[in-house]
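Below is one structure, written out as C-alpha cells; the observations come after it.
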Amino acid sequence: MDSLLVSASRSEDEDSSAGHKRSLSQGSGLVPKRRSSSRFIKRKKFDDELVESSLAKSSSRARGPSGGESGRLSGSEPSSSEKKKQVSKTVPTPAPPSPAPSPSITKRIKKSKQPLQVTKDLGRWKPSDDLLLINTVLQTNDLQAVHLGVKFSCRFTLNEIQERWYALLYDPVISKLSCQAIRQLHPEAIAAIQSKVLFSKAEEQLLSTIGSSSQPTLETFQDLLSKHPEVFYMSRTAKSLQVHWQLMKQYYLLEDQTVQPLPKGDQVLNFSDAEDMLDDTKLRDSRDEVLEHELTVADRRQKREIRQLEQELHRWQVLVDSITG
C-alpha cells in the first residue's frame, strides 16, 4: 500500500515538473528542439550538380593531405608522437641520382638533331646523271669537257656541274644518298651509261696513230685495246673504238691528216660551204605583171560567186524546211 502511494506521488511530481517546463518555454517563446535523423538520403543529381561535385572532388584530391593536416593543427595541438610523425613526413627523402646516359644514346641524339643539308638541285640530278658524271670526270679530269660533251637527262650549267661534283666529294649526306640510288640501277642501265663516257686525250692519242689511208678492222682495234688496257676505259669495245676513229678521221684529227685551209675566192670544199655562199635575194623570181593581173581577176570572180551563194543560202534553207516539214 505504501509503495503504491510513493509511485503515485512521483508521477504527480513528474507531471507538474513537465507542465512547469512547458509553461516556461511558452512564456519565453522558445520552440522545443526537433529530433531529426542523421542518415543521408540518396537522390538523383542534376547535370549542373554532377559537374560541381566532380570539380569539388578533383580540388580535394589536388589538395591532398595538407588540408587534413592544417585542419588537425587548427583544431587541436598535436602530441609529441604526432609531431615526430609530421616531421618525418615533411623531411624530403633524397632522390636517387639518375644514371648518366650512355655515349651511344648521346650520339643518336646528336645525329637526330643535325639537319639534313639538301641542295636545291638534288631533285634534278638522277642516279644515272651522277654515275655518268663520276665516270666521265674520272676518265677525262676536265669539268669543262664534261659540260660540253656529255648529254645529261636535264640541261645543267657549268656552275651546277661543279657544285654537284663538289657535293659528291665533300657532302656525306648527298654522297651517301647518291651511292644508294646508283646501287639500285639495273645492270643494263649501268652498261648503257658507261658506253656514253667521253674519250680521254690519251685514248684519242692512241687512236690517232692508226693511219687514215689504212683500212683497219675490228681485230686492229681489239689488238690496240689488249695492248693498252690501263689507258682505255673498262667498257670500251673494238666496235666503239672503230666508231670513234671514224669520227676523228672525218674531222681531220688523225696524225697523218692536216687541216685544210679556208677557201679562197670561189673555191668550194663541201656542200655546206656552197650553201653558205648562196644569196637568197638573188634566188627570187622577177615580177610578172600580166600574171599578177590574171590572178587578181580570178580572185575577184571567185569572191563574187561566194557572195552570191551566201545570199541564196536563206532561200534554199526555206525550201528544204518546207519539204521536210
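These numbers were taken from a predicted model, which means no experiment stands behind them.
Considering every non-hydrogen atom in both G211 and W245, the closest pair reads O-CZ2, 3.2 Å. Heavy atoms only, all atoms of each residue included: Q194 and S235 are closest at O-OG, 3.2 Å. Between S214 and P216 the shortest heavy-atom distance is O-CD, 3.2 Å.
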Check the pair E204 / H244 against side-chain hydrogen bond (donor to acceptor under 3.5 Å, both in side chains), numbers first and verdict last. CA-CA 9 Å; E204 291 182 345; H244 194 72; 3.2 Å; yes
As a quick check of understanding, evaluate side-chain contact (heavy atoms from CB on, under 4.5 Å) for R315 and L319, giving each step before the final call. CA-CA 6 Å; R315 300 174 186 176; L319 181 60; over 6 Å; no
Decide side-chain contact (heavy atoms from CB on, under 4.5 Å) for Q222 and T217; before the verdict, give the C-alpha distance in whole Å, the side-chain angles of both, and the deciding distance to 0.1 Å. CA-CA 9 Å; Q222 187 63 40; T217 59; over 6 Å; no
Go through the steps to decide whether R307 and Q311 satisfy the test side-chain contact (heavy atoms from CB on, under 4.5 Å), and finish with yes or no. CA-CA 6 Å; R307 195 177 298 111; Q311 292 175 358; 4.2 Å; yes
Residue pair I161, V150: steps toward the side-chain contact (heavy atoms from CB on, under 4.5 Å) verdict: CA-CA 11 Å; I161 292 174; V150 177; over 6 Å; no
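No more than 12 heavy atoms of other residues, nucleotides or ligands lie within 6.0 Å of CD in E289, so this atom counts as exposed by the packing criterion. Counted within 6.0 Å of CD on E188, heavy atoms from surrounding residues, nucleotides or ligands total 12 or fewer; the atom is thus considered open.
Cation-pi geometry between R236 and F221 is not satisfied (NZ or CZ under 6.0 Å from the ring centre, within 45° of the ring normal).
Taking hydrophobic clusters as Ile, Leu, Val, Met, Phe, Trp and Tyr residues chained together by side-chain heavy-atom distances below 4.5 Å, L254 shares a cluster with L206. L253 and L148 fall into different hydrophobic clusters, where Ile, Leu, Val, Met, Phe, Trp and Tyr residues are linked whenever their side-chain heavy atoms come under 4.5 Å apart, directly or through other members. In the hydrophobic cluster analysis, where Ile, Leu, Val, Met, Phe, Trp and Tyr join through side-chain heavy atoms closer than 4.5 angstrom, Y251 is grouped together with I210. At a threshold of 4.5 Å between side-chain heavy atoms, the hydrophobic network of Ile, Leu, Val, Met, Phe, Trp and Tyr places V197 and M248 in two separate groups. Transitive grouping of hydrophobic side chains (ILVMFWY, heavy atoms separated by less than 4.5 Å) brings L132 and Y166 into a common cluster.
Between W165 and the choices D130, V146, I134, the side-chain contact (heavy atoms from CB on, under 4.5 Å) rule is met once, by I134.
Separation of atoms OG (S240) and CZ (F232) is listed at 9.0 Å; rounding is to 0.5 Å. Going from atom CG of L133 over to atom CG of L138 covers 9.0 Å, rounded to the nearest 0.5 Å. Interatomic distance, NZ of K176 versus CG of L168, reported as 15.5 Å (0.5 Å rounding). Atom NE2 in H147 sits 10.0 Å away from atom CG in N159 (nearest 0.5 Å). Considering NZ of K249 and CG of L247, their distance stands at 12.0 Å, rounded to 0.5 Å. Interatomic distance, L131 CG to L185 CG, rounded to the nearest 0.5 Å: 6.5 Å.
For the pair L207/L224, a side-chain contact is recorded, criterion being any heavy-atom separation below 4.5 Å from C-beta on. Using a 4.5 Å cut-off on side-chain heavy atoms (C-beta onward), L143 and V137 make contact. Two residues are said to be in side-chain contact when any heavy atoms from C-beta on lie closer than 4.5 Å; K196 and K151 fail this criterion.
In this structure, the side chain of Q139 does not engage the main chain of L198 through any donor-acceptor pair within 3.5 Å. Panel note: side chain S178, backbone I174; no donor-acceptor pair is recorded below 3.5 Å. With hydrogens and angles ignored, the 3.5 Å screen pairs a side-chain donor or acceptor of D256 with a backbone N or O of S212.
The aromatic rings of F156 and W125 sit parallel to each other, their planes meeting at less than 30°, with 60° as the upper class boundary.
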